[in-house]
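Keep in mind that the numbers below use all heavy atoms, side chains included, and drop hydrogens, waters and symmetry copies.
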Amino acid sequence: MPTQAYLLLGALLFSLGTLGVVLRTNALAMLISVELMLNAVNVTFVAAAREFGDLDGQVIAFFVIAVAAAEVAVGLAIVIDLARRKRSLDVDEASELRG
Amino acid sequence: MTAEQGIFAIAGGICVASAANAVLRRDPLVSALSLTVTLASLAVIYLGLGAPLLAGVQIAVFAGPVMVLLVFVVMLVGAGRIEAPRVGRPPIGGAAILVSVALFAVLASVILRGTVPTLVADRPSATDRVGALGELLFGKYLLGLEVTGILLLAALIAAVVIVKKRSSDRERSG
Amino acid sequence: MPVEILVIPLIVALACALPIGALARPLAVLGGLIVAADAAAGLWLGYGVSSPMDPAIGSILGADGFSGAMLVLTGVLFATGAAASTGVRSPRGYFALWSLLQVTVSGVFLARDLVLFFIFWEAMLVPLALLMWLWGGADRRAATFRFVLYTMTGSALFLIGIIALGVGAGTFSIPALAGYRLSEGSQIAFAVLFLAAFAVKLPLFPFHGWLPRAYAAAPLPVALVLSGIVAKTAVYGIARICVPLFPLGMSDLAPGLVALAAVGTLYGALLATRQCDTRGLIAFSSLSHLNLIGLAAVLGTVEAARAVIVASVSHGLVVAALFLLAGMLASRTGSSAFATGGLAARAPVLAMFTTFAIVAAIGVPGTSGFAGEFLVLASAYVRFPGAGLVATLVVIVAAVYGVRFLRATFFGAGAARGDDLSRRERAILIPLFVLILVVGLAPWTLTDSVRLVTAQTAELHR
Amino acid sequence: MTLALVVAFPLAAAILIALAGGRLGRRTTGVVASLAIFLSFGAAASMIATMLSRPLIEARIGPWLPIAGADFALVVDSSMLAVTLTITGVSALISVYSIGYLAHDRGTQRYFAALDLFVAAMLLIVLASNLALLFAGWELVGLCSYLLIGHVRERPAAGAAAVRAFVVSRVGDAAFLGGILLIATSFHTLDLAQIAGVAIEHGNMGTDPLVVASALLLVGALAKSAQFPLHVWLPDAMEGPTPVSALIQAATMVTGGVVLLMRMRSALAPDVLQAAAIIGGFTALGAALVAMGQRDLRRVLAWSTISQVGLMFVAAGLGAVFAARFHLISHALFKATLLLGSGSVVHAASDELDIGRLGGLGRRMRWTAGAFAVGTLALAALPPVSGFFSNEGIAAAALAESEPFLLGLALVTSFISAFYAARLFVLVFVARPTVEREVHESSVVMVIPIAILAAGALVFGGLVSSGVLPIGSGRADEAPISIVAISFAIALAGFSLGWLTYRHGLERARPVEEVTGRLANGFGVDWVYRVTFEQPFTAIARELDTGAERANQLAIDGLVLLVRASSTLVRRVQAGYVSRYEILLIGGAVALLAYWNWSAR
Amino acid sequence: MTTADAAAIAPVAALAFGACLIVAIDLLGKLGSRASASLGAIVALGAAVIAVAVGPGAPGFGAMVARDGVAVFFVALIGTVTAAVLVLGAGYVTRDDLPPGEVVALLLFSAAGAALMASANDLLILFLGLELLSLPLYVLAGLHRARIHGDEGALTYFLLGASASAVLLYGTALLYAATAQTTFTGLGRSTHNSLYLAGLALVLGGLAFKAALVPFHTWAPDAYESARTPVTAQMAVVAKVAAFAALLRVIAATSYGEAALDWQVSLAALAAMTIVIADLSALGQRRVKRLLAYSSVSHAGYVAIALAAAGAAAGPTIAFYLAVYAALTIGAFGVLTLLPNDDPTLDDLAGLARRRPVLVGALGVFLFGLTGVPPTAGFIAKLYVFEAAARGQLLWLVALGVLASVVSAAYYLRVLLACFAPPRLDAIAPGRARVGTAVVVVAAVVVLAVGLLPGPLLDAARTVRF
C-alpha cells in the first residue's frame, strides 16, 4: 500500500474526530472524539516512519499514547467532578460563562 | 493483493466505520465501545505497517485499560444519558459538518499533492527492532521519556487534587 | 531653564505624598509662580532665547521664545487655578494630580523629540481625566469618557503619524525632522494625521463635541487650565510642529483649515449667545476664540506666529478670569445659571470686575483680547481676506453674548442675596487683570522675544 | 507732549476714579472728572499758539501692536484741534452739569469714570495718528456709551437700550475693523499720513478691495453716527441719563463718523464719499420728518441729532470739510444746550417727558428757557445764532459741488427742522400747561453750563463766519446771496408755521399731529431692523444650537452606539456553547491550512 | 547525559524536581499553604536565576533543547512570573482548604512545561512541554469551590485544549511525514512540500490557541473567569509567553534559507482579528476578570503584530512587550487577589479607592499601562511594536492597533473609575495582605520605572536573538 493511503486514512479519522468534537455536546463523547484525533495522528506517524524506514515515528507514537492516557485521566476526573455537581454532561447547556 | 493491502482494506474499513459510529451515535456508551473497536483495528493496521510492538502497546494500554476506564466512567455517570436533541439553541449541525468536511477536503488535497520523501535507509530487521526502539527511547528520546514521566506524575497529582477537592466539598456540604 | 520647569511641579506632586494637608495648596501656588517667574526670566533675559533650539538635556528638551511664553502662561494659570482650588476633597491627591498635570503640560512645550512630545501629550490625559472624574460636577462620568475617548482618538492618529514619519526618516528629533524632505503628498498625509490630535484638543470646529460637557463638568480650576493652557498645547503643536515639519502640506491644507476655523469662530460665538449658564457661555466663547487662534496657527507666517502667541496668552488670562468669576458668581447664586439678575446693586465690585473680564473677552481695545484678535485677523487677511471678513463678524456676535450675559446677571431689580467680592477673591483676580492690560497695551513684550523663532519658522515655510 | 496730555488727563481721571472706588466721595468724584476734562481743554488750547507756526503737532508715545504704524502716536492739525477744543469744552460743561444732575445717584463713581473714558476715547478718534489707535477709540466710545446708557441698571428699558446701542455700534465696529485690515493688507501700514500719501500718489483708491475697504469704513461711520440704516440705537439711547445723551449726541460719539470721513477723506474711494453724502441727505430729511411727530421731548432731540448729523455727512461726503466741521461744532454747542436744557426741564417736571403734558415752563425757568430758545433758533437755522451760518455753509457747499438734489434735500430738511424746533419750544415753554405742576429752576451747577453753552451757540456762528474765530484750515464756500436769502426764508417759514400751529398747545393742533404722528414710528425702520437683523440672528443661533450642535453631539453618541452595537454582536460568539468554540477552533485551523496550502508559496 | 544537556534542561529540571520535592515534603509532614507557596516561589525564582546564571550556550539533548538568548530570557521571565503568582496565591490556597502542596506542585509543573516550550528545539519536546503546561492548568482552572462554573470553565478549557493539542500534534505528524524528522533545524532545510506547509499551518493553529489569538481564543474568558485569580494570572502570562516563544522559534526556523516562508499574511490576519474582536468583546464586560481576559487576548494581538511585521527579528520587540505585559497583568490580577470577592464585578470595586488608596493607585498604573498611556512601560512596549510594524510596511496594522487602544481605554478606564464609586453598604472591607500588596507595588514601580527608563529592559530584550 502506498503511504499516502495511510495518510488519507489518518486524515479521515482526524476529520471524523473533529466532526465529533464540533457536533457532539456530551463531554464524554467529545473526549472520545479527541482520542480518535490522537489515534489518527499515530497512524500518520507510523505510516511515515515505515516510508522512511526509521523508528522515530513509532517512538513518537508511544509518547502520544502515554500523553493520551494522561489526558484521559485528567479529563475523566474533571468530567466526574462536573457530573457529580450538575446532573448533566451537556457542555452546551445554558452556561453562566458567556458574553 | 498483498497481505498488507488486505489488512488495510479490512481493518481500515472497520476502523472508519466504527469511528463514524463512535462519533455519530448519541449514546456515549455506544461511542465508547465503537472507539474500542477502532483502536483495536488500528492495532491491526500497525501490525500491517510492521510495528508489532506498537500494536501491542495499543492494545495493552489504549484499547485495554484506557477504554475500560472510559466505559467505566460512562456507566458511572449514567450510561443512559443520551444527548438531548438540540432544542432552543441555534442549530450548528450544518456548520459542524461543513467544517469537518472542509477539513478533510483540504487535508486530502494536501496529502494527494504532497510527497513523502523517500529516504535511503537501512531497514532494521524485525528482530532487532525492539532493541532499536529501546535504544532510541533511552538514547535520543531520553528527554521525552523523562518529560512523559513527569507528565504522568503531574496528571496523577492533578487527579489527586480533584479528589481532595471533592472530599473537602463533601465535608463542607455534609 | 527647561529642567527645573519640570522638576519643580514634580517635587510639589511628590510632596503631596507626605502628610502635608493644608500646605498642599500654597505649595502648588508657589510651584506655579516659581515656574512662571523662571520662564519669564528665561524669556526676557534671553537665556533660552539666544538660540532657537537651545539644547538642554541632550537634544530632547529645550525652550524657545514661543514655548517660553507658553510656559509663563502655564505657571500663571496653574498658580491661579491652585489658588482658586479652595476646599477640595482629598487635597493631597488633588494637588498631586494637579502638579502632575503641570509637569505634562510644561513637558509638551519643552519636548524637542516627537516621541517625548507624544509622551507628555498623552500623559496629560491621565491627571486631567482623573481630576475631571473624581472632583467633577454632575455630568462628570459621561463628560470624562467623552473627553478621553475623543482626544485619544485624535492622539491615536497622531501616534500613527509619528511612527510612520520617525521610521521613515530614521529620527524623531523635531529639529532634525524639520530638515527632512518629504514629498508634497506625504506632507499632506502626515499633516492630517498630526492635525487630528491638535484639532480635537484645540478643538477646531467641528471636532468640539467633547467641549461643552467637559467644561461644564470639570471642577472649575481644571476647566480653567483645560481651556487656558491645555488647549494651547494644540495651538503650539500646529504652529511649532505641523508648520515647520510639513510646510507644503500645511500650505495646501490651509484654505480648508482656515475656512473651518473661521466658521468655528462664528459658530462658537453664535452658540454662546444661546447659553443660559456661565460654564456654557465660557465654553462656547472659548470655542470661538480658540478657533480664531487656530486660524492664525495654520498660516505659518511671522505675523501669524506673533498673533498666535499674543492671542494664546490673552485667551489664557481672560478665560482664567472668566472661570474664576463664574465660580464666584455660582457661589453667590447657588448655580451657574445666569438668569438671576440685579446683582450689580449688591455687588458693585463683582459687577465691575465681571464687566472688565467680558470686555476683555469680547476684544475691546486696551485689553489683551483686542491685541490678540486684531493681530490674528491682520495675519489672516493677508492670504485669506474672505475668511478674515467672516471671522471679523465675530466682533458683533461677541458683543451680543457678552452684554446679554451682563444684562441677565447684573441688570434689573435688586437680587435677594450675594455679597461683594472678598479680599481674597480680588487678590486672585487683580493680577490677572493687570496682566490682561499689560498684554493688551504692550503685546510687544511677548512678541519681541520670539522674533528669532518666528523668523526661523518663516524661513522653513519658504 | 502737550498733545499726549490732552488724552492723558481724562484717561488718568477715569482710571483714578475707577480704582479709588467710593473713597473719593460723590462730589469730589465729579469735580475730579470735570477738572480733568478742563485740563485737557486747557492743554489743547495751549497748543493753539504752537499751531500758528506748525501745520502738524505729533506725539509718539510708544509702540503698541507689532504691525507697521500701530503705535501709541497722536497727531493734530488746526482743524482737528478745533474739534478737540469743542469736544473737551462741551464735555467739560456736561461733566459739571452732571454733578448737579446726578447729585442723588448712587453710581457716580462708575458714571464719571465712564464719562472721562468716553472723552478720552473720543479724543483718540480725533487725534490718533493711525487706524489701530483710532479704532481703539472707536470701540471704547461704543463701550462707554453702553456703560452710560445702561447707567441706571435697575431700569429694564435702560438695559435694553444699552445692549442695542452696543450691538449696533459693534456692527459698525466689525465693518470698520474689516476695512482697516483690508487697508493694512494693501498699504502695509496703518499710519494715516502714510496711507493718505500713498493714496494721493497713486490716485484715489480705485481697486476693488479698497472700494470694499472704503465701503466698510463708511458702514462703521454710519453706525457710529447713527445714520440710516444703522441709526436705530440712538432714539433708544435716550433711556440713559440726559447728560449722557448730551455727551453722545453733542460732544462725542455721533460726530465720530463725521470725523472719520474728514480725516480719511483723501484715502476713501470717491464713490463711497458720494454714497455718504447721499445717505446723509436722505437721513437728514427722513429723521427730520420723524422728529416732527415725536411726543417725547428727548426723542425729538434725538431724531433731530440724526438729521443734523446727516447734514454733516452731506458736507463731508461732498468734500466740504470746512462746512462739515463748522456744522459739527455749531451743532455740538446748540445740541448740548438743548439737551442739557431738556434735562433741566425733565428734572424740574419730575420726569415728565411728554411734550403734550408740559407747557408754560418759560416763566418759571427763565434761564433754562432762554438757553433753550437760543438752541431752538440754532436748530431752526435762524440768524444770528450759529446754526444759521453752518447750515448755510452746507447749502453753499452743495451748490458749489453742483448737487442740486442734495441742495434740495438740505433745504427741505431745514424747513422741517425749523418747524419742529418751533413746535418743541412752543409746547414746552410757551403754550398753556395742560397739567399744573410745581416747577423751579435747576441748581446753579446745572444752569451755568447751559448758559455758557447757549452763549457759545449764540455767538459762535457769527464769529466764525466773520473770520474772527478760526476753526482750522479751509474756508467756507462763498454762499451766493440768493442761497442765503432762500435758506433764511425757508427756515423762517418753517419756524413760523410751527409756532402758529402749536401756540395753543397740542390739542389745538390735532389735525396736523394726525399727519405727523404717522411718521413718528421712523418709517418702520425699527421694525425692519428687528425683522432683518435681530430675528434672523436669534433664529440662526437657535437653529445652530438645536440643529448643528445637536447633530454634532448625536454623531458622537452615534459612533459610541455603533461601537457598542458591534460589541454586543461580537460578544454573541461567546455564548457559552463549547461546540461553537470548537467550530471556531477547527474552522480557524482549516482556514490557516487552506491559506498555507494554496497561497503561501 | 552531557554537561550541555544538563545546562540546557537545568531550569526545567529545577522546576519539576522542586514540584516533586514539595509534594514529597507535604506527604511526609503537613506543609502549610504559606510555607508551600513560599517554597514554590523560591523554586520558581531559583529556576529563573539558574536560567540567567547558566546563560546561553550549546544546546542539549541532540539539539532538542536550545540554550540561546531566547530560551534564557523567556525561561527567566516564566520563573519570575510563577514566583510572583505563588506569592500572590499564598493566602489563597488556604482559603478553600485545598491541598496546598499539590496545588503549588501543579503550578510549578505548568511552569516547567512552559519553560520546556520556550526552549524546545524539537516539535515533540514542544508538544510534551505544552501538555505539561496544560494538564495542570486544566485542573487548576476548576478549583472553584461551590461554583459550578468553575468546573464548567475547566471542562471547556480541557476539551478545547485537548482538541488544540491534537491539532498541533497532527501538524507535527505532517511535518514529520514531510521531513522525516521533528527538529526545528530540520524544518529550515525543507522544500515547499504541501505536507510541510500544512504541518506548519496546524502548528501555528495549535500555538495560537495557547497564545489565545482569535479565533482560537474562546476558551480564555471562560477559563480565566472560572479559575482562581492567581491561576488566571499564570494562564494569562506564562502560557502566553511560552506560546509566543515557541512561535518565535518556529518562525525563525522557517524564515531563512532557500525555503524561507512568509508568515506575514497569516499572522497579520490573526493579529487584526484578535485586536478587533477582543477589544469589542471587552467593552461591555462588568466582570473584571472576564474583562481582563479579553484584554490579555487583545495584547496577544499586539505581540502578533510584531511577529507579523518582523518575523524572527521581532525577538527583542516581543520579549520587551511580553515582559511589560507580564508585569502589568500580574499587577492587575494581583490587585484582584487582594479583594474579598474572587470574581468581582465593577460594582464590587466601589469604595476601594477610599479603603485602599495604594492599591488603587497601583491598579491605575496597570490599567493605564495596559491601555498604553505614557509614561508607563505599556506605552513604550506598544511603541516598539508599532515601530516594528511601520518598518515592516504594515501601517494598516499600526492604525488598527492604535485605534483599538483607544477603544480599550474605554473599558480600562471604567475599571479604574469603578474603584472611586461611593462604597456600598454591604461591601466588606478588603483584608490586608502585606505580601500581595508588596508584589503589586513592586509591579507598579517596575511598570513606571521601565516607562521612564526603558534602557535596561531593552538591553535584556536585545539578547532575544538567534
Side-chain angles (χ1 to χ4, degrees), chain D residues 65-67 174 536-601, chain E residues 149 152-153 155-161 163-164 166-168 170-171 174 192 194-206 208-209 213-222 261-266 269-270 273 276-285 290 293-294 406-407 410-411:
Chain D
L65 299 172
I67 289 183
F537 182 90
T538 42
I540 289 170
R542 188 179 57 240
E543 288 308 314
L544 286 181
D545 194 3
T546 55
E549 187 58 19
R550 271 284 282 300
N552 191 313
Q553 299 287 335
L554 283 178
I556 302 169
D557 291 342
L559 203 64
V560 171
L561 278 182
L562 192 72
V563 173
R564 283 227 183 106
S566 40
S567 164
T568 317
L569 201 69
V570 165
R571 284 170 58 204
R572 277 166 66 181
V573 171
Q574 202 77 22
Y577 300 138
V578 177
S579 41
R580 261 198 218 181
Y581 299 170
E582 294 273 14
I583 288 180
L584 277 177
L585 197 167
I586 305 295
V590 171
L592 284 177
L593 263 179
Y595 169 75
W596 280 83
N597 189 26
W598 280 300
S599 306
R601 286 286 124 175
Chain E
H149 81 219
E152 250 181 41
L155 187 63
T156 306
Y157 188 22
F158 170 75
L159 288 172
L160 289 164
S163 314
V167 167
L168 178 87
Y170 193 60
L174 291 180
H192 284 165
S194 70
L195 285 171
Y196 170 72
L197 294 172
L200 284 177
L202 291 178
V203 168
L204 172 60
F209 177 87
L213 290 168
V214 174
F216 306 99
H217 71 294
T218 44
W219 59 276
D222 293 5
L261 290 175
D262 186 10
W263 289 80
Q264 194 171 70
V265 175
S266 30
L270 286 175
M273 273 197 294
V276 171
I277 302 276
D279 278 334
L280 284 178
S281 301
L283 267 186
Q285 294 301 334
R290 219 169 161 73
Y294 281 117
V406 176
V407 174
Y411 57 81

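Contact between D/Arg571 and E/Gly284 at its shortest, heavy atoms only, is NH1-CA, 3.3 Å. The two residues D/Ser567 and E/Leu280 come nearest to each other via the heavy atoms OG-O, 2.7 Å. D/Trp596 and E/Leu197 get closest at one heavy-atom pair: O-CD1, 3.6 Å. Across all their heavy atoms, E/Phe216 and D/Leu585 have their closest contact at CE2-O, 3.2 Å. In plain terms, the two heavy atoms of E/Pro215 and D/Gly588 that are nearest each other are CG-CA, 3.9 Å.
Contact count against chain D (heavy-atom pairs under 4.5 Å) is highest for E/Ile277 among E/Ile277, E/Val167, E/Val214, E/Val407. The residue among E/Asp279, E/Val276, E/Leu270, E/Val265 with the most heavy atom pairs within less than 4.5 Å of chain D is E/Val265. In terms of non-hydrogen atom pairs under 4.5 Å with chain D, the most contact-rich of E/Ala201, E/Gly205, E/Gly206 is E/Ala201. Listed options D/Val590, D/Val570, D/Ile586 were ranked by heavy-atom pairs under 4.5 angstrom with chain E; first place goes to D/Val570.
The closest side-chain donor-acceptor pair between E/Ser281 and D/Gln574, if any, does not fall under 3.5 angstrom.
Between D/Tyr581 and E/Leu159 the shortest side-chain heavy-atom distance does not fall below 4.5 Å.
Atom CG of residue D/Leu593 and atom OG of residue E/Ser266 lie 11.5 Å apart, to the nearest 0.5 angstrom. Atom CG of D/Asn597 is separated from atom CG of E/Leu200 by 12.0 Å, given to the nearest 0.5 angstrom.
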